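Below: one structure, written as structure tokens.
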Amino acid sequence: MNVTAFLLFAIASTITPGPNNIMILNSVLHYGVKRTLPFYLGVCFGFPLMLLAIGMGLNTLFKQYPVLHLILKVVGIVYLLYLAWLIATQKPSSNTGIQQKPMSVLGE
């Protein structure tokens, strides 16, 4: 495996304005740096952990057991449908739409 390519990908995906960076920016604007720190740390540790898992051979597991990839797809689709259902059936709230507290490491 080419470590240079891996590191360049990790750096590029960390500094580009993807969904994690946009959510962190939004949280900092609404709640400040101190209250956003748990969410930021979750992103800082979670993304490299995901890259490390792939780099350590998680992809080999999916190659050896293709049914795991299918299971992951189905679970992902079900989860997205569940989230869509929650959004579609949510009742309007009386507040301005801003959460009272920022997201945390666990997304709570």
Side-chain angles (χ1 to χ4, degrees):
M1 180 173 87
N2 188 349
V3 176
T4 305
F6 178 76
L7 289 175
L8 288 175
F9 171 75
I11 291 168
S13 59
T14 301
I15 62 173
T16 56
N20 289 332
N21 293 347
I22 299 298
M23 288 188 303
I24 290 169
L25 174 66
N26 184 44
S27 184
V28 166
L29 291 174
H30 286 100
Y31 307 109
V33 174
K34 186 176 180 181
R35 292 182 68 194
T36 302
L37 198 55
F39 179 52
Y40 173 74
L41 292 174
V43 170
C44 286
F45 287 109
F47 184 71
L49 185 64
M50 179 184 67
L51 288 178
L52 183 64
I54 296 297
M56 296 296 288
L58 186 63
N59 62 339
T60 306
L61 186 66
F62 285 110
K63 286 179 183 176
Q64 288 180 345
Y65 304 102
V67 72
L68 291 177
H69 192 249
L70 178 64
I71 292 170
L72 186 62
K73 281 186 197 180
V74 170
V75 169
I77 289 169
V78 169
Y79 181 63
L80 286 175
L81 288 172
Y82 167 72
L83 291 177
W85 176 258
L86 288 179
I87 291 169
T89 59
Q90 184 178 24
K91 293 181 175 29
S93 63
S94 60
N95 63 11
T96 61
I98 298 175
Q99 292 176 315
Q100 298 302 318
K101 62 179 185 166
M103 290 180 67
S104 67
V105 173
L106 299 176
E108 299 172 340

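Because the structure is a prediction, the values reported are computed rather than measured. Numbers here are sequence positions counted from 1.
Summarising the geometry, atom CG belonging to Asn59 is positioned 10.0 Å from atom CD belonging to Gln64; distances are rounded to the nearest 0.5 Å. Once rounded to the nearest 0.5 Å, the distance linking CZ of Phe47 with CG of Leu52 reads 12.0 Å. Atom CG of Leu37 and atom CD1 of Ile24 lie 10.0 Å apart (nearest 0.5 Å). Atom CG in Leu68 sits 6.0 Å away from atom CZ in Phe62 (nearest 0.5 Å). In this structure, OG1 on Thr60 lies 9.5 Å from CD1 on Ile54, to the nearest 0.5 angstrom.
In terms of hydrophobic clustering, with Ile, Leu, Val, Met, Phe, Trp and Tyr side chains grouped at heavy-atom distances under 4.5 Å, Leu86 and Tyr79 are assigned to a common cluster. A chain of hydrophobic side-chain contacts below 4.5 Å, direct or via other Ile, Leu, Val, Met, Phe, Trp or Tyr residues, connects Val43 to Val33. The hydrophobic cluster containing Tyr65 does not contain Leu70, counting ILVMFWY residues as joined when their side-chain heavy atoms lie under 4.5 angstrom apart, directly or transitively. Linking Ile, Leu, Val, Met, Phe, Trp and Tyr residues whenever their side-chain heavy atoms come within less than 4.5 Å places Leu72 and Leu61 in a single cluster. Hydrophobic clustering keeps Met23 apart from Leu25 (ILVMFWY residues linked when any side-chain heavy atoms are closer than 4.5 Å, directly or through intermediates).
Here the side chain of Thr36 pairs a donor or acceptor atom with the backbone of Ser27 at under 3.5 angstrom.
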